[in-house]
Amino acid sequence: MPSERELFDQRLSKRAQLLESSDPYPARVERTHTAAEAVQAFLDAGEVDEQVAVTVVGRVTAQRVMGKAAFLDLRDQSGRIQLHFRRDRLEDFDRIDLVDLGDFLEVSGTLFRTRTGEVTVAVAKWRIVTKALRPLPDKFHGLTDTEARYRQRYLDLIANERSREVAFTRSRVVSAIRRFFLDRGFLEVETPVLQDNAGGAAARPFLTHHNALDRDLAMRISLELHLKRLLVGGFEKVFEIGRVFRNEGISYRHNPEFTLLESYEAYADYEDVARMVEDLLGAVALEVLGGTDLTHGEHTVSLQAPFARTTYHRALLDHTGIDFYQYRSVDALSEVARERGVRTEAGASWGTVLDALMSEFVEPKLIQPTFIFDYPTEISPLAKRKVDDPSVVERFELFALGYEIANAYSELNDPVDQRDRMMEQASKKAEGDEEAEIADEDFLVAIEHGMPPAGGLGIGVDRVVQLMTGEHSLREVILFPTMRERQAERHELSDEDDGAS
RNA sequence: GGGCCCGUAGCUCAGCGGUUAGAGCAGCGGACUUUUAAUCCGUCGGUCCAGGGUUCGAAUCCCUGCGGGCCUACCA
């Protein structure tokens, strides 16, 4: 019955038939072994047929029915195990007609090895524990339609081993990061997602509204300003792994919500943080991959410390021949940028033009992990100035495979300088720069009470997962990436009568 | 945002101006008690993304829209 409607109705009617004698959705199921454990138990018991009894549960992924016998494949999270049903052993053998691919079964029996060598459950007792109403993707070709893979990730996870692997790797990356910080004595905290003002990064926020308070709120774009308040409060090492939201374009490198790690350590500076980042990435790679080398297409990247280091000024000079100290005005700088084919927008600031040059000529070349130190003050309003050159700050970014992995500074804790720089950002914002930093008065008041010298760090966790998995698109490492709204869903089949047909 | 490509059965795909749009898998009926992409016979199944246009004739060509992918630009 090929139309979606017919397939659905057919399964509904099987469900109704099951209901006559049993519950196709029981709350309680038995399980003595996972699929993998069952096979192992058979091996451990000396591979004697029909000796080891197991009860396994899982989803039916293949059926090979032969009149008086049937083989079904049952899959659980641990793997797959084959089931053998025989008419001469089962009074309810014919009920396998009510089983469809995708149903969940609870099966008890003993283990044996088939003629072709596969460890198999000789089924003595079985029942359907979840009746599925919609068909699964093609058992052989799987699900390849990228849109369907993202919109219906559960189908992707059923059909594609790789998608499961990436999800597992992501989980391991996050727990490795968390363990790294906890082991170093950092306190894990959670700070507000809903805020008066979204600050701490150059990005546009999502805006929302609290009805009871009749108050507009913004969703956070970074974790920074609240974590620093905790430094004021006396915590010396804090970190947060949390979702942030940026109201910007969507691409294979950008999702409107992504996971950011930020850490702050009192009495450390950015040099200390750089060493910590080397340790962190090495530790994560070791735990997730078992080594510090990883291959990405034609590139082999080594996360073995120490990473290459250069400065913003040096890197730009090396890759473009531009010595930005020679071009102190926006106009002069824009002119050389234009000569090199970098178009700059009308209201672009000096720092923005520099950043455009870096993005164009330097960052794509940074395949091996490379620290870029000492950023222009103008594009780093929350970082502490270098003592010997106030036009640059103690800030580094770490690049690998051509994209930014980490961003860190010696945190600006002079409240007067901070206020001045926030006001400068605020006036840019007033002039129409939507990504300029806001002046957060509450934050300024906080640091006016004294924030200890500290090294801060931000890492895009999704990017680290990309690095570790070798996935090209961010959407492959985010289980449910943001998608455009889909109109005219044609999936609403269930509001017909649910028994009959 | 710009450029290129894609959208046909539940899934994977063919058909690219000419009868009534096809195949494999899945489904349904039948045969088959150790199969594993089971096999064999039969069979059901389509808003060819949507709307408009060109044409004697459109899944096929053109336009618009919707959705997606890749590349590119900003951010992490």
Side-chain angles (χ1 to χ4, degrees), chain A residues 1-11 14 49 61-73 80 82-90 93 97 100-102 112-118 120 122 133-152 155 158-159 201-204 221-222 244-262 342-343 345 348 352 355-356 359-360 363 397-399 403-407 434-435 458-464 466 472-475 483-491 493:
Chain A
M1 303 32 197
S3 83
E4 191 173 10
R5 176 79 251 173
E6 284 170 301
L7 290 168
F8 194 84
D9 286 345
Q10 198 169 75
R11 286 170 176 239
K14 288 177 181 174
D49 283 355
T61 56
Q63 298 193 81
R64 296 174 291 280
V65 182
M66 287 164 287
K68 297 196 178 67
F71 289 93
L72 307 203
D73 289 346
R80 187 193 75 96
Q82 181 169 259
L83 312 175
H84 187 212
F85 294 72
R86 297 172 54 139
R87 163 161 272 153
D88 59 6
R89 291 189 178 213
L90 293 165
F93 181 82
D97 289 347
D100 286 296
L101 298 186
F112 73 107
R113 199 180 278 280
T114 63
R115 194 159 68 191
T116 49
E118 178 153 357
T120 298
L133 298 181
R134 294 178 190 267
L136 259 29
D138 187 284
K139 68 177 174 187
F140 187 61
H141 298 96
L143 185 70
T144 60
D145 181 82
T146 314
E147 180 176 355
R149 289 186 46 240
Y150 295 157
R151 287 190 192 275
Q152 294 180 277
L155 294 180
I158 291 167
R204 270 182 293 169
I221 56 174
S222 86
V244 300
F245 309 84
R246 297 188 182 178
N247 205 341
E248 291 165 353
I250 296 178
S251 78
Y252 76 101
R253 316 180 68 151
H254 303 275
N255 198 61
E257 51 181 302
F258 64 99
T259 302
L260 189 60
L261 157 76
E262 288 195 25
V342 173
R343 59 196 167 81
E345 288 167 34
T352 314
D355 228 35
S359 300
E360 178 71 24
E363 295 176 9
E397 292 195 355
L398 174 68
F399 291 84
Y403 54 80
E404 182 186 336
I405 302 286
N407 180 22
E434 284 181 308
E435 293 192 345
I459 289 187
V461 172
D462 312 85
R463 292 261 171 100
V464 175
Q466 265 185 286
H472 174 66
S473 172
L474 201 58
R475 293 174 154 216
M483 304 286 280
R484 226 173 273 266
E485 188 176 13
R486 189 100 201 242
Q487 65 168 67
E489 270 304 331
R490 66 212 203 288
H491 284 296
L493 296 173

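Letters A, B, ... are given to chains in the order of the sequence lines, protein chains preceding strands, and every chain is numbered from 1.
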Separation of the [atom1] atoms in [N] and [M], to the nearest angstrom:
| N | M | atom1 | result |
| --- | --- | --- | --- |
| C62(B) | C4(B) | P | 13 Å |
| G7(B) | G27(B) | P | 28 Å |
| C48(B) | G22(B) | P | 14 Å |
| C61(B) | G3(B) | C1' | 23 Å |
| U20(B) | A14(B) | P | 24 Å |
| A26(B) | A38(B) | C1' | 15 Å |
| U43(B) | C25(B) | P | 15 Å |
| C28(B) | G68(B) | C1' | 33 Å |

Upstream residue (5' side of RNA chain B) when Ala69(A) and Leu101(A) are each assigned their closest nucleotide: Leu101(A)
Using only modelled atom types and a 3.5 angstrom limit, is any donor from either the side chain of [X] or the base of [N] paired with an acceptor on the other?
| X | N | answer |
| --- | --- | --- |
| Arg115(A) | U34(B) | no |
| Gln82(A) | U35(B) | yes |
| Thr114(A) | U35(B) | yes |
| Asp100(A) | G27(B) | no |
| Arg86(A) | U33(B) | yes |

Side-chain (Arg463(A)) to main-chain (Arg253(A)) donor-acceptor, under 3.5 angstrom: yes
I'd like to know if the side chain of Asn247(A) reaches the main chain of Pro256(A), judged simply by a donor and an acceptor atom lying under 3.5 Å from each other, with no hydrogens or angles considered. no
So what does [X] hit on the nucleic acid, given a heavy-atom distance under 4.0 Å: a base, only sugar-phosphate, or nothing?
| X | result |
| --- | --- |
| Gly458(A) | nothing |
| Arg475(A) | sugar-phosphate |
| Val65(A) | base |

Nearest to the side chain of Leu143(A), heavy atoms from C-beta on, is which of C11(B), G68(B), G10(B)? C11(B)
In terms of side-chain heavy atoms of Pro137(A), which of U34(B), A38(B), C11(B) is nearest? C11(B)
Under the salt bridge (Lys or Arg N to Asp or Glu O under 4.0 Å) test, residues paired with [X] that sit two or more places apart:
| X | result |
| --- | --- |
| Glu248(A) | none |
| Glu397(A) | Arg395(A) |
| Arg80(A) | Asp73(A), Glu118(A) |
| Arg149(A) | Asp156(A), Glu476(A) |

Taking only nitrogen or oxygen atoms into account, show me every contact under 3.5 Å that the protein makes with nucleotides 74-76 of chain B, one pair per line with its distance.
unit_1: C74(B); atom_1: N3; unit_2: His254(A); atom_2: NE2; d: 3.2
unit_1: C74(B); atom_1: N4; unit_2: His254(A); atom_2: NE2; d: 2.7
unit_1: C75(B); atom_1: OP1; unit_2: Asp355(A); atom_2: OD2; d: 3.0
unit_1: C75(B); atom_1: O2'; unit_2: Arg246(A); atom_2: NH1; d: 3.1
unit_1: C75(B); atom_1: O2'; unit_2: Glu248(A); atom_2: OE1; d: 3.4
unit_1: C75(B); atom_1: O2; unit_2: His254(A); atom_2: ND1; d: 3.3
unit_1: C75(B); atom_1: N3; unit_2: His254(A); atom_2: NE2; d: 3.4
unit_1: C75(B); atom_1: N3; unit_2: Arg463(A); atom_2: NH2; d: 3.4
unit_1: A76(B); atom_1: O5'; unit_2: Arg246(A); atom_2: NH1; d: 3.4
unit_1: A76(B); atom_1: O3'; unit_2: Glu404(A); atom_2: O; d: 3.3
unit_1: A76(B); atom_1: O3'; unit_2: Glu404(A); atom_2: OE2; d: 3.3
unit_1: A76(B); atom_1: O2'; unit_2: Arg463(A); atom_2: NH1; d: 2.1
unit_1: A76(B); atom_1: O2'; unit_2: Arg463(A); atom_2: NH2; d: 3.1
unit_1: A76(B); atom_1: N6; unit_2: Asn255(A); atom_2: N; d: 3.4
unit_1: A76(B); atom_1: N6; unit_2: Asn255(A); atom_2: O; d: 2.6

I need the [atom1]-[atom2] distance between [X] and [N], as an integer number of Å.
| X | N | atom1 | atom2 | answer |
| --- | --- | --- | --- | --- |
| Glu6(A) | G29(B) | CD | P | 14 Å |
| Phe85(A) | U33(B) | CZ | P | 17 Å |
| Glu147(A) | C70(B) | CD | C1' | 15 Å |
| His141(A) | A26(B) | NE2 | C1' | 12 Å |
| Arg149(A) | U12(B) | CZ | P | 11 Å |
| Ile250(A) | C70(B) | CD1 | C1' | 16 Å |
| Arg89(A) | U33(B) | CZ | P | 16 Å |
| Asp97(A) | A26(B) | CG | P | 15 Å |

Would you tell me if any nitrogen or oxygen in the side chain of [X] comes within less than 4.0 Å of OP1 or OP2 on [N]?
| X | N | answer |
| --- | --- | --- |
| Tyr150(A) | G67(B) | no |
| Arg151(A) | G68(B) | yes |
| Arg64(A) | U34(B) | no |
| Lys139(A) | C25(B) | no |
| Lys14(A) | C28(B) | yes |
| Thr146(A) | G67(B) | no |
| Gln63(A) | G27(B) | yes |
| Arg484(A) | G68(B) | yes |

Name the orientation class of the two ring planes belonging to His84(A) and Phe71(A) (parallel below 30°, tilted from 30 to 60°, perpendicular beyond 60°). parallel
Would you check if Leu101(A) and Gln63(A) make a side-chain contact, meaning some heavy-atom pair closer than 4.5 Å? yes
Which heavy atom in Asp100(A) sits nearest to a heavy atom in Lys14(A), and how many Å separate them? OD1-NZ, 2.7 Å
Sequence neighbours excluded, the answer for ring-ring contact (aromatic ring centres under 6.0 Å, His included) partners of Phe399(A) is none
Only counting residues at least two apart or in another chain, list the ones meeting ring-ring contact (aromatic ring centres under 6.0 Å, His included) with Tyr252(A). His472(A)
Pairing nucleotide - G67(B), Watson-Crick or G-U, each distance under 3.5 Å: C6(B)
Partner of C61(B) under the Watson-Crick or G-U wobble criteria, both distances under 3.5 Å, comes out as G53(B)
How would you list, by chain and number, every residue that makes a side-chain hydrogen bond (donor to acceptor under 3.5 Å, both in side chains) with Thr120(A), sequence neighbours excluded? Gln82(A)
Polar atom pairs between nucleotides 20-23 of chain B and protein, under 3.5 Å, N or O only, would you list them?
none

